[in-house]
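Quick caveat: nothing in here was measured; it's all calculated off a predicted structure. Note that these values count all heavy atoms, side chains included, but never hydrogens, waters or copies made by symmetry.
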Amino acid sequence: MMMAKSDVIELPPHLTVRELAQKLDVSAIDLIKTLMNVGVMASLNQTIDYETAEIVAAELGKEVRLAVPETEEKEEEAGELPLWRQWLLAEPAARLRPRPPVVAILGHVDHGKTTLLDAIRNTNVAAREAGGITQHISAYQVEHDGRTITFLDTPGHAAFTSLRARGAKGADIVVLVVAADDGVMPQTREAIAHAKAAQVPIVVAINKIDKPNAQPDRVRQQLSDLGLVPQEWGGDTIMVEISAKQRLNLDELLEAILLVADTADIRANPQGRVFGTVIEAQVKKGQGVVATLLVQNGTLKVGDVLVAGTTYGKVRALMDFRGKRIKQAGPSTPVAMLGFHDIPEAGSLFYKVKNEKEARQIVEERLEAQKRQAQQAAAPRMSLEDFFKSLQEGKVKELPLVVKVDVQGSLEPVVKAIEEVSERNEAKVRILHADVGNITENDIMLAAASNGVVIGFNVKADAAARKVAEREGVSIRTYRVIYDLLHDIEKALRGLLEPEKQEVILGEAEVLAVFPSSRFGKVAGGRVRRGVIRRNARVRVLRDDQVLFDGEIGSLKRFQEDVREVREGFEFGIGLKGFKDFQVGDRLIAYTVESAPAA
C-alpha cells in the first residue's frame, strides 16, 4: 500500500543515530540492530549520512526523503528517485535552466552499443576493448543540430549489471540497443528494468538492419510483449531502425533523442548546489586519482572541495572528454577531475562542501561507520588446481580469494559475478579482500595468511609481489577478459580446471634506439638490464607501466649476427612479430610460460 505524502519522513543529509530513531519513531535499540543487519556498526551519538538512513528506514518499513528548502510543492514522490534527482527537486524552480540530455546506451552484449557511439562520435573505441567487450563506463558529448547530447557508454556483459544500473540512474534518457538479427536477450530485459526503476524514458535503436537475417518487426513484437509498444503501433515508444556499422539513420536516432528530451523538461540550476555522479575512477601514474564525474547541478570549478563516499579532495584540474583543460563545468557535463585523496566509488554521489575541514569531518564519520567488520576466518592454502581435490578429501569447504581490478567501476561487478558463480556450485568462494590497483606484496601476504588465491583483472603483479608469492606458495592468476576469469573459477569449483600456467621472467631490457626495418617496420636497439633475453621467449613491451604489446620475438641480433640469447649488460637489436611502435625508454620483459609444478 502506498504511503500518503504526509507520512513520508524528511531527513537531513547527516544526523545522529539517536536523532534518526526519534524521527522514525522507533526505539534506539531496534535502530542499532537494524544498522547492524545492514553492516553498519554505530553508537547512539554517531553521525550517519542520508543514504545509510534511507536504507535503514526501508528495513523498518518507513518511507523517507531528503529534507529540502521550502519551495513549490513537488508533483511526484521523491522517495524512490536517485539522491541527485531528489536534490534537484530542492532547487528553486525559477532558477532552473535547460541542460543537455544525458543518455545511457544500454543493451545486450555484442548488440552494437559501443559501435553505435563509435559511429556517432567518429572515433574507434571498440577496437581497444579487450575481447571486444566494453568493460568500463565512459562519458562523451556530441553536437547535433546545434545542440549538445551527453552519452554514457555502459558495459553489456551480464557481470556488469551494477554499472548499467548506475548508468540508468545517472541518465535522463535510455537508448536501448537491440540487434535486429538477435532480438530481445537477457540483458535487454534487464536494461528495460533498470530504465523503468530509474523512471527514465526509453528510445529503442533496432541495430544491424543491414544484415540479411534482420527481423526488425520481430524485435518490435518482442518489445511490445515487454510493455514497450512502438509509436507506429499506437504506443508511446520511439523505435528507430539503424545500422551503426553502415552509419544508417543515425541522424534520425539523434533527432528522436532530442524530441524525447524536449518533452522531458530536462533542467538544472547552473548557479545552484554543485553535485553529480562519479562515473569512473582510477589511479594514473604522475596524476594520482583521476575521477570521471558527471555534473548534474551547479557549476563545478577548479578549487572546489568535493566529498564522494568515503573520500574527498580539492579540484586541482578539470579536463573535458577530449582531454582539454577547462576551468569549470556546468550541468550535464562529463569531466575528468584531479584532486581526490583516494579512489571514490563509481556510482557514488559527489557534492561540494565549504572547505577541506568540513569534508574531512564528513569522511571521518563515514569511515568510522565502516570500521568494524567481521574477521575473515582462515582456510587451508591452495591453488585453484588442487582446490577440488582438497574439497573431496573434506579438508576445505570454500575457496578464499583476493581480488584486484584495474578501476573502481569494475570492482563491484567483478566481485558480484564471482559470488554468483559461487552460488551455482556446491563449493563456495569466500572473498577475503577486493580492491583497485596492481597486485602488491600486501595482497600476497593477506592471501598467504588466509591460505587463499590472488585473482587479478586487467592488472599485473609487481616484482616484489611475485617474489613473495613464490616464497609463500601463493597462486596468482591474472585475466584481461571477464569471461576467462569466471570460467576458470567455475572450473575450479567443479574440479575441471586445467593445470595452471605460470610466467617465468627471464630478463628485462631498455630500448635505447629505434631503427627502420623492411621486415618488421621498426626494430629496437637495447641493453639487457638484468637476466637474459632469449630468442624463443615471449616479450612484453611496457611504457609508463602500461603494457603495449605481448607477443613473440621475430629477430634477435648482436652486431648483425642472429643469436639465441643476450645476457645482462650487453646490447642487442630486436624485432617483434606484430609490433613496431617502439620508443626510446620502453621496457622489454622477456618471459616463458610453463606449467606449474604439481603440489
*Pair M239-L223, side-chain contact (heavy atoms from CB on, under 4.5 Å): steps then yes or no*: CA-CA 10 Å; M239 299 190 183; L223 292 172; 3.7 Å; yes

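- Minimum heavy-atom separation, V302 to V315: CG1-O, 3.6 Å.
- Here the rule is side-chain contact (heavy atoms from CB on, under 4.5 Å) with L254, and of V175, N249, I120 only I120 fits it.
- The backbone N or O of G309 lies less than 3.5 Å from a partner atom in the side chain of R366, making a donor-acceptor pair.
- Side-chain atoms of E345 never come within 3.5 Å of backbone atoms of Q408 as a donor-acceptor pair (strictly under, hydrogens ignored).
- For residues 320-343, the set of pairs meeting the ring pair (Phe, Tyr, Trp, His ring centres under 6.0 Å) definition, not counting sequence neighbours, comprises Y312-H341.
- Within the model, atoms NZ of K416 and CD1 of I431 stand 12.5 Å from one another, a figure rounded to the nearest 0.5 Å.
- Side-chain atoms of T311 do not come within 3.5 Å of backbone N or O of A308 as any donor-acceptor pair.
- Seen from the ring of Y351, R273 counts as a face-on cation partner, given the 6.0 Å and 45° thresholds.
- Under the 3.5 Å distance criterion, the side-chain polar atoms of Q231 are left unmatched by any main-chain donor or acceptor of I238.
- Separation of atoms CG (N458) and NZ (K404) is listed at 13.5 Å; rounding is to 0.5 Å.
- Counting only distance, with no hydrogens or angles, the side chain of T148 and the backbone of E143 share no donor-acceptor pair below 3.5 Å.
- Inter-residue side-chain proximity for S224 and P230 is flagged as met; some heavy-atom pair is nearer than 4.5 Å.
- Applying the ring pair (Phe, Tyr, Trp, His ring centres under 6.0 Å) rule to F350 yields no partners; only residues at least two apart in sequence or on another chain are considered.
- Going from atom CD of E232 over to atom OG1 of T237 covers 9.5 Å, rounded to the nearest 0.5 Å.
- With hydrogens and angles disregarded, no donor-acceptor distance shorter than 3.5 Å links the side chain of E280 to the backbone of T292.
- In this structure a side-chain-to-backbone donor-acceptor pair under 3.5 Å is present from E358 to K354.
- A donor-acceptor contact shorter than 3.5 Å is absent between the side chain of E91 and the backbone of L88.
- No donor-acceptor distance shorter than 3.5 angstrom exists from the side chain of D30 to the backbone of S27, with no hydrogens or angles considered.
- Heavy-atom contacts from other residues, nucleotides or ligands closer than 6.0 Å to CG of N355 number more than 12.
- The existence of a salt bridge linking D25 and K23 is excluded, since no basic side-chain nitrogen approaches an acidic carboxylate oxygen closer than 4.0 Å.
- To the nearest 0.5 Å, atom CD1 of residue I105 and atom CG of residue L176 are 9.5 Å apart.
- Under the 3.5 Å distance criterion, with hydrogens and angles disregarded, no donor-acceptor pair is assigned to the side chains of T34 and E59.
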*Can V363 and V307 be said to form a side-chain contact (heavy atoms from CB on, under 4.5 Å), step by step?*
CA-CA 7 Å; V363 168; V307 170; 4.3 Å; yes

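- Under the 3.5 Å distance criterion, the side-chain polar atoms of S332 are matched with a main-chain donor or acceptor of P100.
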_Would R220 and E241 count as a salt bridge (charged side-chain N to carboxylate O under 4.0 Å, His left out) here? Give the steps._
CA-CA 10 Å; R220 288 186 176 88; E241 295 184 13; 2.9 Å; yes

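- Look at D172 and R99 and you find a salt bridge, because one of the NZ, NE, NH1 or NH2 atoms lies within 4.0 Å of a carboxylate O, short of that distance.
- A salt bridge is defined here as a Lys NZ or Arg NE, NH1 or NH2 lying under 4.0 Å from an Asp or Glu carboxylate O, and K285 with D544 fails to meet this definition.
- In this structure the side chain of L116 reaches within 4.5 angstrom of the side chain of I242, judged on heavy atoms.
- By the 4.0 Å N-to-carboxylate-O rule, E255 lies too far from R147 to be salt-bridged with it.
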